[in-house]
2 protein chains.
Amino acid sequence: MSSAVAVHKKAAELGKLSLRMTSVAGSGHPSSALSLAHIVVHLMYERMRYDPKNPWHAGADRLVLSEGHAVPVVYAAYADLGGAVGCCRDKARLLKIEDVDTLRDLPSPLDGHPNPAEGMPFFDAATGSLGQGLSVAAGLGLGARLDGTDRRVYCLIGDGESREGQIWEAVDFIADHKLTNVCAVFNANGQGQADYVSVQQSAETIAAKLRAFNWDVIEIDGHDPAAITQAFDHVGQTQKPLAIVAKTVKGWGVDQLLNGNWHGKPLPVADLEAAGKSLDKKVAEFGTGDGVLGTPKAPAQPKSPRQRPCPQEVKWPTFADAMKAGGLESALTKGKIATRRAYGAALKVAGDVLPQVVALDGDVSNSTFANVFAKAHPDRFFECKIAEQNMVSAGAGLSAAGFVPFVNSFAKFISRAYDQVEMANISRANLKIVGSHAGISLAADGPSQMALVDVAFFNAFASVRDSGQPLCWSFHPADAVTAYNCTRLMAQLKGMCYMRTHRPDVPLLYAPDAKFEPGGFSVLKQGQAAAIVSAGYMTHIALEAAATLAKQGAEVAVIDAYCLPFDAQRMAAAIRGCGGRALVVEDNYGGGLSAAVAECAAAAGDLRVEVRYCQRIPKSTRTPEEVLDYCGVSAAQIAAHAQKKLV
Amino acid sequence: MSSAVAVHKKAAELGKLSLRMTSVAGSGHPSSALSLAHIVVHLMYERMRYDPKNPWHAGADRLVLSEGHAVPVVYAAYADLGGAVGCCRDKARLLKIEDVDTLRDLPSPLDGHPNPAEGMPFFDAATGSLGQGLSVAAGLGLGARLDGTDRRVYCLIGDGESREGQIWEAVDFIADHKLTNVCAVFNANGQGQADYVSVQQSAETIAAKLRAFNWDVIEIDGHDPAAITQAFDHVGQTQKPLAIVAKTVKGWGVDQLLNGNWHGKPLPVADLEAAGKSLDKKVAEFGTGDGVLGTPKAPAQPKSPRQRPCPQEVKWPTFADAMKAGGLESALTKGKIATRRAYGAALKVAGDVLPQVVALDGDVSNSTFANVFAKAHPDRFFECKIAEQNMVSAGAGLSAAGFVPFVNSFAKFISRAYDQVEMANISRANLKIVGSHAGISLAADGPSQMALVDVAFFNAFASVRDSGQPLCWSFHPADAVTAYNCTRLMAQLKGMCYMRTHRPDVPLLYAPDAKFEPGGFSVLKQGQAAAIVSAGYMTHIALEAAATLAKQGAEVAVIDAYCLPFDAQRMAAAIRGCGGRALVVEDNYGGGLSAAVAECAAAAGDLRVEVRYCQRIPKSTRTPEEVLDYCGVSAAQIAAHAQKKLV
């Protein structure tokens with residue numbers, strides 16, 4: 001048990017370092033950092049069971065800094081403790097105090113906001129886009145429970161940031177799943193960026209909200225070491241999830257920062273000395289003497305960690321066996337299976353062969369067919385209800401805990417969480433995202449249920465390489481064989497993958513033992529006059545258009561581009577082999593497959609590529625054929641376009 | 001005052017119609033519709049002050065059906081009341097009962113989910129992606145207040161949907177702005193899609209949450225006509241915002257629907273007769289006699305409606321005067337102005353000349369410079385705090401109320417609300433979205449604060465035409481002159497517009513009286529060897545690269561593509577005039593400008609286009625130059641790319 005004086009002294013010391021590093025960097029948030037100083041001292045020096053020199057330990061308690069901009073105080077503590085930095089344990093080095101001066105510098109692991117991928121393994125996820133940390137903490141908490149690990153996850157949340165609805169999605173989720181290993185700490189310093197926080201985000205209202213959400217709440221002065229210690233003594237001891245609401249002072253102890261709005265502004269270097277004296281004066285108010293801080297305790301040992309076999313090395317069943325395992329025997333006999341159904345079976349099989357596969361769904365598992373997985377692996381299925389943002393970030397947390405999470409919803413509703421998807425991408429989370437009912441083939445339900453921008457969004461990630469790999473692989477299966485194999489690839493590939501599936505039942509296009517690969521595509525029909533390039537549901541329409549054109553004497557090829565990115569050289573060569581002309585068709589908006597093919601053609605310079613995607617906002621129709629026609633992408637319209645412009 | 005029997009009878013009648021229309025359509029949500037039947041009867045037949053035959057009346061009370069899938073019961077009531085449908089008042093017709101059989105059919109205004117744009121003017125916004133309605137209602141409430149209209153806005157919210165964090169963002173927002181003209185009704189039928197709702201969404205917990213969020217709450221049996229009437233009598237009479245939490249029964253009165261999970265499933269047509277009898281039996285439980293329903297009351301007259309001059313006809317100040325009006329006189333003298341600062345001045349000026357312009361910001365108005373507007377027009381500025389989803393949907397509500405809302409945040413944080421942006425697009429909302437700190441030039445703060453996918457996302461909308469117009473105009477100004485003119489274009493164009501601005505101060509590239517147009521681009525430097533196409537901050541880097549190449553003997557043109565979509569024919573011709581070769585450079589991920597130029601070149605067939613955008617996930621650096629180099633898009637790297645591949 002520490003003496004209060006020692007905590008105040010350490011808080012002031014970290015405060016000085018926070019001031020110094022932001023002044024040297026020329027930007028950053030020292031005032032927010034100071035408001036958290038005492039809580040960070042308690043957690044990182046006394047409370048957490050971890051080894052700063054081995055943040056990779058599977059049983060270590062974790063800290064999620066949801067209000068990422070307050071990170072200087074954590075960097076200060078971590079440097080003071082000699083914490084390990086580096087992208088992996090083999091290449092780790094220990095931070096020194098003077099490293100804080102590298103904040104926000106190119107070669108530094110001390111990025112502007114927390115980011116494990118830049119060499120700060122103390123963190124589990126990139127934060128800084130606000131309101132996401134508690135969901136990440138929830139994912140870590142679920143992961144700890146699955147591994148039988150007595151790990152605790154502390155999450156620091158700003159009061160202003162608690163305006164983000166996602167915080168309350170996470171609060172619901174943690175209550176539903178009784179995650180008492182997660183402790184939410186609300187830092188009520190009363191100031192946002194542009195102004196003071198609303199009374200709706202006052203300490204009192206936050207506490208009342210949490211109680212109404214069925215949490216236990218302790219309200220404290222966030223600069224009172226004894227109160228802090230007493231509050232955190234309750235972690236893991238409560239029946240309900242526990243939140244600590246701490247009233248704090250933005251810019252604590254630094255007179256200059258207490259006047260006016262200093263959010264996100266470092267002090268001029270010349271003012272650092274005065275600020276240091278101000279902090280010393282503040283500490284002196286609490287008496288003299290040295291006092292003693294505690295030391296971090298040893299991390300817990302995982303009790304029943306899941307096996308995590310190499311996804312490339314396990315044996316997967318044949319396509320037919322997989323479909324049967326997923327209850328699709330009769331559909332297989334009929335030869336027509338919706339890609340979403342095949343995915344459900346594939347996900348279940350992935351769970352069979354890989355104990356680290358977990359699945360999350362947002363109250364639509366009977367539409368996405370994630371319920372096939374849920375039935376087979378109920379302990380690894382997490383119902384997130386209608387709250388997609390929390391679902392995606394919780395998936396990122398599960399990924400950080402070493403699991404392979406598949407998050408599921410309608411593809412349209414995944415767009416609710418595109419910011420969270422990008423944050424997971426920045427974290428290099430091993431997240432698998434599957435959206436059903438993509439494109440317009442859903443027909444009757446109308447545009448509010450149709451994903452029309454998803455191909456462009458995920459293709460933006462697919463267009464960029466990181467360490468030679470795309471930031472995201474985006475799969476778009478046209479039939480059940482492809483859906484099964486793409487699911488398998490998603491489980492095997494490291495990093496973010498996206499797959500979009502469709503509602504209608506469609507015939508099989510591929511032989512059961514067809515091979516699929518990242519970056520691959522297939523020529524489903526040969527032809528010299530031109531190529532129609534498509535994916536997913538539209539591949540069936542493209543084949544229909546090609547048949548129409550064949551009757552008119554034009555043999556056009558049909559290329560099924562089931563993966564983005566594809567091998568651009570091979571695609572250019574394939575189009576070159578079809579007269580150097582292609583028509584790309586999609587039942588969504590532009591910027592996705594069309595853009596990718598056009599980029600490869602434009603770079604080649606000797607190809608001509610036309611694109612044809614949704615020409616208007618869709619509306620409800622009773623059949624897919626009607627809405628395809630309404631949006632200008634029916635088989636007849638595609639054939640006419642090709643006839644007029646290409647063949 | 002109605003008799004209870006009359007309400008029950010009408011509820012059963014609407015229930016039968018809901019069953020019938022969904023069975024005929026072959027899809028839809030009759031069970032959800034039945035749970036709302038009594039409340040809809042009360043609101044649409046007795047409570048709301050409106051004329052079903054003139055839903056365009058500016059003072060009419062409004063109904064926002066946040067749980068859009070329950071729409072059949074509203075369609076049934078509206079058809080029964082002979083409500084007007086059609087895309088504008090001049091072309092309206094009155095619904096007849098038999099029109100309900102057109103639900104979800106191609107030519108019908110009765111879309112699968114509410115959508116004013118398909119000819120259902122009773123609604124203000126498309127709903128169906130859940131959790132957005134209360135924010136739209138808040139926007140309508142703000143609009144009514146601005147116009148001095150005693151309009152009330154009723155919003156029906158599902159219990160399962162109240163898991164969406166956005167609902168609680170809206171609850172905070174309505175409390176902050178004391179919008180007692182908005183009444184939130186929670187339909188607690190206890191069932192979601194895949195399962196029952198969580199205890200976190202029980203009627204009791206929802207009520208407790210609302211009280212903690214500082215609302216007044218009345219809990220009722222949602223099938224008890226007297227209780228419903230008494231509850232709604234309190235609307236407009238409370239100091240705090242009022243919510244009504246109604247316990248209801250999914251599939252009310254239909255025995256068949258009370259067993260098992262019927263979410264989103266219509267009855268077989270053959271079962272309709274039995275279902276009707278079941279409803280009759282249910283109604284008989286409440287006694288006999290006819291009873292009398294009320295009739296809708298006349299709408300209120302707006303007291304002080306804002307002038308709404310034609311945006312094309314007002315006189316705008318010169319660029320220099322606009323900058324001075326925005327407090328940028330000294331910056332103008334220095335000749336360096338960040339686009340975000342110029343935008344702040346432009347927005348203020350837009351507010352000066354157009355009383356219908358309003359602005360919203362998410363606690364970053366001192367970064368986006370929306371605070372310049374706020375200072376000049378405090379009554380038309382709405383602080384939304386850190387809750388971007390609510391901000392965008394509230395903007396859509398203000399648009400439906402006839403205002404021209406500009407919503408502002410960091411471009412990265414706008415991505416938090418991409419689903420809401422698309423729903424606003426489906427509604428054809430006249431929404432202007434401005435994201436600051438776009439791309440990587442922000443440098444020090446790192447990737448969590450940088451918009452890297454926004455160009456691709458908005459370009460997906462820009463790629464599609466609706467009634468000959470793009471679904472969205474996307475602007476990307478390189479200097480203050482462009483930022484001012486693009487803001488002006490945004491205010492003048494009808495429909496969704498997006499603009500991304502940047503953090504760094506940059507020199508002026510255009511003459512003060514330069515002309516800008518939708519679909520336009522500018523050749524800033526002539527050259528025959530090739531063209532570099534760019535926009536925004538990168539246009540300055542492109543000019544630098546071009547200067548380097550000029551020193552090496554290659555005169556390349558620089559094209560500033562400040563608008564997406566651009567005129568593809570003109571762009572192809574411009575590139576053709578530069579040797580038929582172009583390099584597109586962007587400081588974000590692919591799928592945006594690169595894709596648009598590549599598509600136009602690929603279609604032309606005689607051009608060669610290389611693309612160069614961020615080649616990796618950025619990290620913090622202290623200067624823009626460092627992060628540009630880190631991501632492979634520095635001036636030197638661009639020049640080298642052009643030298644190697646094009647010139």
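Values reported hereafter were calculated over all heavy atoms of this structure, with side chains retained and with hydrogens, waters and symmetry mates removed. Numbers restart at 1 for each chain; the letters A, B, ... are given by sequence-line order, proteins then strands.
Note that the CG atom of B:L106 and the CG atom of A:D629 stand 8.0 Å from one another [nearest 0.5 Å]. Going from atom CG of B:D606 over to atom CG of A:D606 covers 12.5 Å, rounded to the nearest 0.5 Å. Distance CG/A:D172 to OG1/B:T205: 8.5 Å, rounded to 0.5 Å. In this structure, B:D445 CG and A:S27 OG are separated by 5.5 Å, a value rounded to the nearest 0.5 Å. Note that CG of A:L471 is 9.5 Å distant from CG of B:L452, once rounded to the nearest 0.5 Å. Atom OG of B:S198 sits about 11.0 Å away from atom CD1 of A:I386, to the nearest 0.5 Å.
Residue B:E388 touches chain A through both its backbone and its side chain, counting heavy-atom pairs closer than 4.5 Å. Interface residue B:F213: backbone and side-chain heavy atoms are both found under 4.5 Å from chain A. Heavy atoms closer than 4.5 Å to chain A are found in the side chain of B:N261, but not in its backbone. Of the atoms belonging to B:V627, not a single heavy atom falls under 4.5 Å from chain A. Interface remark: A:V597 contributes no atoms to any contact with chain B (heavy atom separation under 4.5 Å). Heavy atoms of B:S129 lying under 4.5 Å from chain A belong to its backbone as well as its side chain. Looking at B:T623, neither its backbone nor its side chain comes within 4.5 Å of chain A, counting heavy atoms on both sides. For B:N588, no part lies under 4.5 angstrom from a heavy atom of chain A. Only the side chain of B:V611 comes within contact range of chain A, with at least one heavy atom under 4.5 Å from a heavy atom of that chain. Neither the backbone nor the side chain of B:P114 comes within contact range of chain A; no heavy atoms are under 4.5 Å apart. For B:C384, the part lying near chain A is the backbone, with the side chain staying farther off; criterion is any non-hydrogen pair under 4.5 Å. Residue A:N390 does not touch chain B at all, counting heavy-atom pairs closer than 4.5 Å. Both the backbone and the side chain of B:E599 have a heavy atom closer than 4.5 Å to some heavy atom of chain A. Proximity to chain A involves both the backbone and the side chain of B:A603, based on heavy atoms less than 4.5 angstrom apart. With a 4.5 angstrom heavy-atom cutoff, A:A207 does not touch chain B via any of its atoms. Heavy-atom distances place no part of B:A596 under 4.5 Å from chain A, backbone and side chain included. For a residue to count as touching a neighbouring chain, one of its non-hydrogen atoms must lie under 4.5 Å from one of that chain's; by this rule B:E164 touches chain A with backbone and side chain alike. A:L130 touches chain B through backbone and side chain together, each having a heavy atom under 4.5 Å away.
Judged by distance alone, the side chains of A:N214 and B:Q200 do bring a donor and an acceptor atom under 3.5 Å apart. In this structure, a donor-acceptor pair under 3.5 Å is present between the side chains of A:S367 and B:Q193.
Note on B:K645, B:K412, B:Q201: by heavy-atom pairs under 4.5 Å with chain A, the leading option is B:K412. Chain B forms more heavy-atom pairs under 4.5 Å with one residue of A:G112, A:A598, A:A444, A:S448 than with any other, namely A:S448. Each of A:H69, A:Q132, A:E610, A:H263 has some count of heavy-atom pairs under 4.5 Å with chain B, and the biggest count is that of A:Q132. When the candidates A:Q420, A:E626, A:R211, A:R581 are compared by the number of heavy-atom contacts under 4.5 Å with chain B, A:Q420 comes out ahead. When each of A:V584, A:V609, A:T621, A:N459 is scored by its heavy-atom pairs under 4.5 Å with chain B, the top score falls to A:V609. Contact count versus chain B (heavy atoms, under 4.5 Å) is highest, among A:R465, A:E204, A:Q449, for A:Q449. Comparing B:G165, B:S620, B:P107 by heavy-atom pairs within less than 4.5 Å of chain A, the highest count is held by B:S620. Ranked by heavy-atom pairs under 4.5 Å with chain A, the first of B:C600, B:G591, B:S415, B:A126 is B:S415. With chain A as the partner, the residue from B:A601, B:G446, B:G192 showing the most heavy-atom pairs under 4.5 Å is B:G192. The candidate with the highest count of non-hydrogen atom pairs below 4.5 Å against chain A, out of B:R428, B:E383, B:E161, is B:R428. Here A:F173 is the residue among A:F173, A:F410, A:W168 with the most heavy-atom pairs under 4.5 Å with chain B.
Contact of the B:R163 side chain with the A:D363 side chain is not registered, since no non-hydrogen atoms from C-beta on lie closer than 4.5 Å. Using a 4.5 Å cut-off on side-chain heavy atoms (C-beta onward), A:Q389 and B:Q166 make no contact. Between B:V171 and A:K209 there is no side-chain heavy-atom pair separated by less than 4.5 Å. Under the 4.5 Å side-chain criterion, counting only non-hydrogen atoms from C-beta, B:V24 is in contact with A:R622. Using a 4.5 Å heavy-atom cutoff, the side chains of B:V453 and A:E422 are in contact.
Applying the ring pair (Phe, Tyr, Trp, His ring centres under 6.0 Å) test to A:Y418 and every residue at least two apart in sequence or in another chain returns A:F457, A:F458. Not a single ring pair (Phe, Tyr, Trp, His ring centres under 6.0 Å) links A:H113 to another residue, sequence neighbours left out.
A:A208 approaches B:A212 most closely through the heavy-atom pair O-CB, 3.4 Å. Closest of all the heavy-atom pairs between A:D466 and B:R616 is OD1-CB, 3.4 Å. In terms of heavy atoms, B:Y613 sits closest to A:S463 at OH-CB, 3.3 Å. The two residues B:P447 and A:D111 come nearest to each other via the heavy atoms CD-OD2, 3.7 Å.
Between the side chain of A:K619 and the main chain of B:S108, a donor-acceptor pair closer than 3.5 Å is present.
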